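Shown next, in structure tokens, is the structure this report addresses.
In what follows, chains carry the letters A, B, and so on, assigned in the order in which the sequence lines appear, proteins first and then strands, with residues in each chain numbered from 1. Nothing here was measured: the structure is a model prediction, and the numbers come from that model.
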Amino acid sequence: MSDTSHGTGGLTFDKTKRSWPNEMNILLALIIIIVIFEILGQILPYMRDQSFLFDSKDRFDSIFNEARLKIIILQVAIIGIIALGVTQVIITAGIDLSSGPLVAATAMIAMSFGQTELVNGFPNPKALFGTWAMDLPVIVPIVAGLAFGAFIGAINGTFIAFLRIPPFIATLGMFLICRGIALWWSGGNPISFPTASYKFIGSGMMPVVWFLSLAVIFHLIMRYTVYGKHTYAIGSNEEAARMSGINVKRHKVMVYTIASMLAAFAGIVLASKSETAQAGMGEFYELFAIAMAVIGGISLQGGRGSIIGTVLGAMVLGVIRSGFTYIKLDGSYQLMAMGSIIIAAIVLDQYRQRNKA
Amino acid sequence: MSDDLVLKTEELTKHYGGVHALVGANFEMKKGEHVAIMGDNGAGKSTFVRQITGVEQRTSGKVWLYGDEVNFAGPLDAREAGIETVFQTLALADDLDVPDNLFLGREKTFANWLGPFRLLDYKGMRNDTIAGLERTGVKIPNIRNSIRNMSGGQRQCVAIARTATFASKLTIMDEPTAALGVQETAQVENIIHTLKEAGEPLILVSHNMRQVMELVDRIVVFRRGRMVANLRKEDTDGQDVVAYITGAKTGAEFEGAA
Ligand SMILES: Nc1ncnc2c1ncn2[C@@H]1O[C@H](COP(=O)(O)OP(=O)(O)O)[C@@H](O)[C@H]1O
Ligand SMILES: [Mg+2]
């Protein structure tokens, strides 16, 4: 502090720059993982010189293997939508375990208002309600699903903020309740055959379009709005946030509501993509969504992390999943690898935290 | 009541369950006055501060600010009424940077029709922050670093600069130098001098006798939740004040209180 060469307060313009963002580390990790799979593809005896992400055949159009890139992002897109909400919850130093079952319950509810009356000229064999619920405009299943999500999220938030139930417990209870609702809604039967317009919103690459658009929107919200700033402030120091005049309780209810609406939207899209809704859908989704956030550098202590981090975390999970398939190791290895990476990410976060304290 | 009083409390009382942390405090301060609150740990000093800043709801009693009776529903109310406070537990968000912390809870924004999603005016807040830091002479190497990476003294300075960034009718500092080194303490005391010259009233909670004797006009002593002395600096000395703090003496008008 004895350096007096700067202006008053030691402030000059270049001294208001941000430091190296943590997201760059995750991007680096992502690239390293891709390189490892590339190398494995070259050296493993049974792989015969295939490339992981690059085109093995020398074609004109592009150097990348688009098919694999598409699959990687498509298979993380729906859970990624949930992760956008979970990210906000974790930034407040909370957690949301209810999102997986909420996906299932919302899929059931949305699909029951998104069914088509006639399948190949015959009455829909999986019809849940009467004809009044058939061939409704696509807005109906969407609004029904989002409203249900908002309802569940508001309950989560209210119990956590006003009744001071620990988020882990409150959302664990909601985890079971939502799975119960999913089973009860149709008595355990699948609900199938959506209308053409409902089918569209989850078709092809649409889940990716939703995921990336929502990621951009919530990135902007978290970075440039009062909502985002207060979310970080609460996770960083809840008491300070309260003493600064932030309505912490109301804000938490808002965060949990938004998170559940995002999970509900994931359910709406998943049902559309699968063209059916089943009570068992979305198993482990809450855990994978949390994993994406944690790998993406969202600190479980709250206050730190970003939407960009979570999107990169989703990509890491997608690449690992696809990479294991690529080197022909089955799902059991994938789970073990992902588990290890999640633990590594948390260890890294704790280490960073201790170093800074 | 006369409105040359900045702050007046009448029988201000706070109970935490069975703990009578503050009992019947009658406190007054005039315009431009700097008043110290002294007392042992647990005497009720911070509790007194929390009752007049809307952080907690008092059990009973009345509070006037510039002649108007006030009932703050929350800390934001008190800040909007012109009370700027440096709390003992700094009330800083570690992961946010300096401008974020200065404006926490009252951000400069635009597009306010967006409600909770209104946009942050980062540039405006950054400029005001730099101006506030310059006014108080606070030196912080990089205002866009998160508070986490700063020393205790720098954090304290951020908290104090926060009060100086906003025009205030009453500044309250709760043990602002308790955790600071000699140089950092001097910096905080400089800020207090600046406030005095500007005629801005201040309540300073402090254990530092030298500092109190140097800086303030009047010393109020708390003991076990009660006000036990109200001493003009000219009429007292360190030994005298210590006698009140420890309970060896009690002010005449407070007889029967403790
Ligand atoms: N939130 C609380 N709940 C219960 N007791 C409290 C609370 N805050 C303070 N107290 C008690 O009130 C008394 C006064 O505390 P405080 O105002 O912090 O003292 P000081 O700031 O003078 O050291 C202490 O006995 C303390 O333990
Ligand atoms: Mg105290």
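Here A:Gly245 is the residue among A:Gly245, A:Ser299, A:Gly302, A:Gly228 with the most heavy-atom pairs under 4.5 Å with chain B. Chain A forms the most heavy-atom pairs under 4.5 Å with one residue out of B:Ala91, B:Ala78, B:Gly115, and that residue is B:Ala91. Interface check for chain B: of the options A:Gly303, A:Ala240, A:Ser244, the most heavy-atom pairs under 4.5 Å are formed by A:Ser244. Of the residues considered (B:Leu119, B:Leu104, B:Leu76, B:Thr109), B:Leu104 shows the highest number of contacts with chain A, using heavy-atom pairs under 4.5 Å. The greatest number of non-hydrogen atom pairs below 4.5 Å with chain A, out of B:Glu107, B:Arg106, B:Arg118, is found for B:Arg118. Between chain B and the residues A:Leu220, A:Asn247, A:Thr225, the largest count of heavy-atom pairs under 4.5 Å involves A:Thr225.
Side-chain contact between B:Met173 and B:Leu195 is present, with at least one heavy-atom pair separated by less than 4.5 Å. At least one side-chain heavy atom of B:Ser168 sits under 4.5 Å from a side-chain heavy atom of B:Glu200.
Heavy-atom distances place the side chain of B:Arg162, and not its backbone, under 4.5 Å from chain A.
For the 3.5 Å distance criterion, the side chains of A:Ser98 and A:Asp96 qualify, holding a donor opposite an acceptor. There is no side-chain donor-acceptor pair under 3.5 Å between B:Lys8 and B:Tyr66.
A:His219 and A:Tyr224 have perpendicular rings, their planes meeting at more than 60° on a 0 to 90° scale where under 30° would count as parallel.
Between A:Ala291 and A:Leu317, the shortest heavy-atom contact is CB-CD1, 4.1 Å.
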